[in-house]
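Working notes for the structure below.
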Amino acid sequence: MAEIVLDKVTKRYPDGALAVQEVDLEIADGEFVILVGPSGCGKSTTLNMIAGLEDITDGELRIGGQRVNERAPKDRDIAMVFQSYALYPHMTVKENMAFPLRLAKVDNATVERKVQEAADILDLTQHLDRKPSNLSGGQRQRVAMGRAIVRSPKAFLMDEPLSNLDAKLRVQMRTSVSRLQKQLGTTTVYVTHDQTEAMTLGDRVVVMRGGVVQQIGAPQFLYDQPANLFVAGFIGSPSMNFMPATLENGSLRSVLGDVTLTDRVRQLVEAAEGPREVIMGIRPEHFEDASLVEATALASGGKFTSQVDVLESMGSDKYAYFNLTGEQAASADLQELAADVGSDDVPGEGISLVTRLSSASGAVEGASADIWFDADKVQVFDPSTGRNLTYTER
Amino acid sequence: MAGIGGAETTGKKVGWGVLNTVVVIYALIPVLWIASLSFKSPATLADGNFIPREWSLENYKNIFATSEFTRALINSIGIAIIATVIAVVFGTMAAYAIARLDFPGKNLLVGVSLLIAMFPQVSLVSPLFEIERGLGLFDTWPGLILPYITFALPLAIYTLSAFFREIPWELEKAAKMDGATPGQAFRRVIAPLAAPGVFTTAILVFIFCWNDFLFAISLTSTEQSRTVPVALSFFTGSSQFEDPAGRSRRQPWSSRSRSSSSCCSSSAGSSPA
């Protein structure tokens with residue numbers, strides 16, 4: 001067990017491509033840190049550099065206070081779980097899990113005991129003599145975890161360990177990974193492209209984009225206080241709604257009409273000294289059916305009326321989709337997010353808006369609905385830099 | 001529905017079975033014919049019967065009577081095994097590099113090795129003959145092993161790199177993370193997985209070396225390094241093995257009705273031996 005420190009770690013490929021740029025990250029002993037971002041953002045490269053599978057071009061990596069840049073993976077005492085699990089197909093489950101111990105020349109009795117312990121924890125006892133090809137996806141995943149934990153390494157590195165599982169099993173394994181990490185208390189770095197995994201698993205989340213760290217923080221903090229448009233759009237599902245808006249005398253003019261900013265938001269925006277033409281962002285849950293909102297709250301928020309395009313009832317609440325006429329918010333961050341989701345080539349006119357309403361809402365598909373939104377939850381971004389003008393360290 | 005499906009599969013099974021049998025018989029007839037001939041006595045060789053009338057082991061006795069064949073057998077096995085081992089060892093290293101690494105000139109290397117495989121071997125016979133005589137390699141084992149390696153290597157590299165590409169790269173990374181040195185990772189993880197491919201390649205290369213006739217007949221002159229295919233070719237026309245191929249070639253008009261007389265004369269001719 002140890003802390004991991006990345007000090008301006010940079011990866012540049014021989015052809016000059018910059019994969020990871022000056023990543024500064026201090027991972028405390030026992031902490032569970034998630035690296036998240038769209039594909040090609042450098043998260044896996046960062047993990048491979050910590051593992052020692054890729055050379056560090058610049059900067060320093062310290063594990064347990066010692067510089068390990070030049071050490072081979074085997075001398076760093078860290079274990080890794082791969083996306084493909086990378087189980088050795090010619091070995092049984094038991095041999096797979098014992099492999100790191102055998103390499104470390106541990107005596108037979110200890111190997112037996114440790115493999116048995118790990119198998120007990122992961123519920124693999126009855127599969128020990130089977131080959132990986134005879135196991136289900138979930139069992140293979142557990143064997144991969146088992147191979148990582150038998151050695152009691154200083155840290156675990158996990159490279160999208162759940163992305164090959166089907167949706168239901170993934171949720172189940174997510175909780176067991178989380179429980180296992182708490183139980184063992186081993187420093188863990190976990191890479192994923194799935195923001196839900198990032199939100200649910202980590203003590204802290206590192207959002208990366210194009211090799212650069214966008215923001216580091218606790219999941220809830222990232223959700224509430226995204227540092228820029230990219231983080232705002234990436235974290236949260238369904239994602240935040242964005243639309244162009246104009247700041248005028250403490251109010252915000254957009255396709256949702258004029259809304260007077262609350263004092264808190266106005267002060268933040270003024271302090272940030274951004275431009276007048278901005279991008280406004282509101283999360284789906286900050287909308288509500290106007291008929292269900294108390295009069296005092298109604299007055300302090302914004303309100304608009306529009307035809308419900310699609311209504312999805314989830315039981316606990318309702319998702320109402322609107323299609324508003326107007327220019328879509330344009331920004332490099334948003335374009336990249338759309339490209340990552342694959343929605344950049346979906347033809348669509350105007351602004352599509354997702355709102356989460358109470359299940360008591362009387363909204364009907366195809367009919368007009370009055371929708372209220374919380375003015376205090378509005379976030380304002382600078383379109384050119386993507387910076388969140390309402391960001392506060394709190 | 002299920003009944004119809006079952007009938008269909010039974011029909012299919014019978015169809016495939018018949019087709020397979022036909023193919024296997026077609027492929028085996030020449031082999032069975034040779035086997036049948038080998039058990040016939042010289043007198044009944046050309047009687048046209050598939051199953052020998054009188055079984056005889058005389059041919060087998062004769063072939064081992066002199067050192068001509070046994071020596072060739074030793075040469076063939078020795079030369080083919082040495083060439084196979086060397087070609088597979090070098091081929092494994094080259095194929096591993098081609099499958100796993102990106103290095104300048106990789107495509108050139110693959111292209112050149114393909115070129116060697118495509119090059120008409122017969123055009124190399126005269127230069128090789130001259131070179132080997134000059135170097136004193138003519139009619140020696142290395143004189144055959146060296147050209148065999150040259151032509152077996154492209155084959156080995158091609159087959160092996162296809163196998164190596166199938167081995168997941170992550171396994172080696174996983175082994176490194178589990179604490180293995182590069183050598184241990186190769187020996188304990190990659191090698192066991194590559195073994196089937198290496199064996200397949202070794203068999204193919206061995207067959208290639210074993211079957212070669214062109215180099216073997218051009219670059220050898222004595223029993224010292226003559227291989228089996230060449231030794232077989234020398235059977236034709238050498239006194240006691242004259243009959244089988246020799247007579248039929250000289251008498252293309254020979255027919256079933258005449259066979260008895262020719263057999264008599266041939267048996268009479270071979271009796272002094």
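Numbers restart at 1 for each chain; the letters A, B, ... are given by sequence-line order, proteins then strands. Computed from a prediction, not measured in an experiment: that's the story for all the values here.
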Check each atom of [X] against the heavy atoms of chain B and say whether the ones under 4.5 Å are side chain, backbone, both or neither.
| X | value |
| --- | --- |
| A/Leu53 | side chain |
| A/Leu101 | neither |
| A/Ala72 | neither |

Looking at [X], I want to see if its [atom1] is surrounded by more than 12 non-hydrogen atoms of other residues, nucleotides or ligands under 6.0 Å.
| X | atom1 | value |
| --- | --- | --- |
| B/Tyr96 | OH | yes |
| B/Leu19 | CG | yes |
| B/Tyr26 | OH | no |
| B/Tyr60 | OH | yes |
| B/Gln224 | CD | yes |

Where is the tightest heavy-atom contact between B/Met177 and A/Pro73, given as atom of each residue plus distance?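 Where B/Met177 meets A/Pro73 most closely, the heavy atoms are SD-CB, 3.9 Å.
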
Under 4.5 Å, counting heavy-atom pairs only, tell me which of A/Gly52, A/Pro100, A/Ala148 racks up the most with chain B. A/Pro100

Distance in Å, [X] [atom1] paired with [Y] [atom2], rounded so as to fall on 0.5 Å steps:
| X | Y | atom1 | atom2 | value |
| --- | --- | --- | --- | --- |
| A/Lys74 | B/Asp178 | NZ | CG | 13.0 Å |
| B/Glu170 | A/Gln83 | CD | CD | 7.0 Å |
| A/Arg102 | B/Gln184 | CZ | CD | 13.5 Å |

Of all pairs that satisfy ring pair (Phe, Tyr, Trp, His ring centres under 6.0 Å), the ones with a partner from residues 42-92 of chain A, not counting sequence neighbours: A/Tyr88-A/Phe99

Without placing hydrogens or testing angles, list every side-chain donor-acceptor pair under 3.5 Å for residues 185-193 of chain B, not counting sequence neighbours.
none

Does some side-chain heavy atom of B/Leu171 sit less than 4.5 Å from a side-chain heavy atom of A/Ser84? no

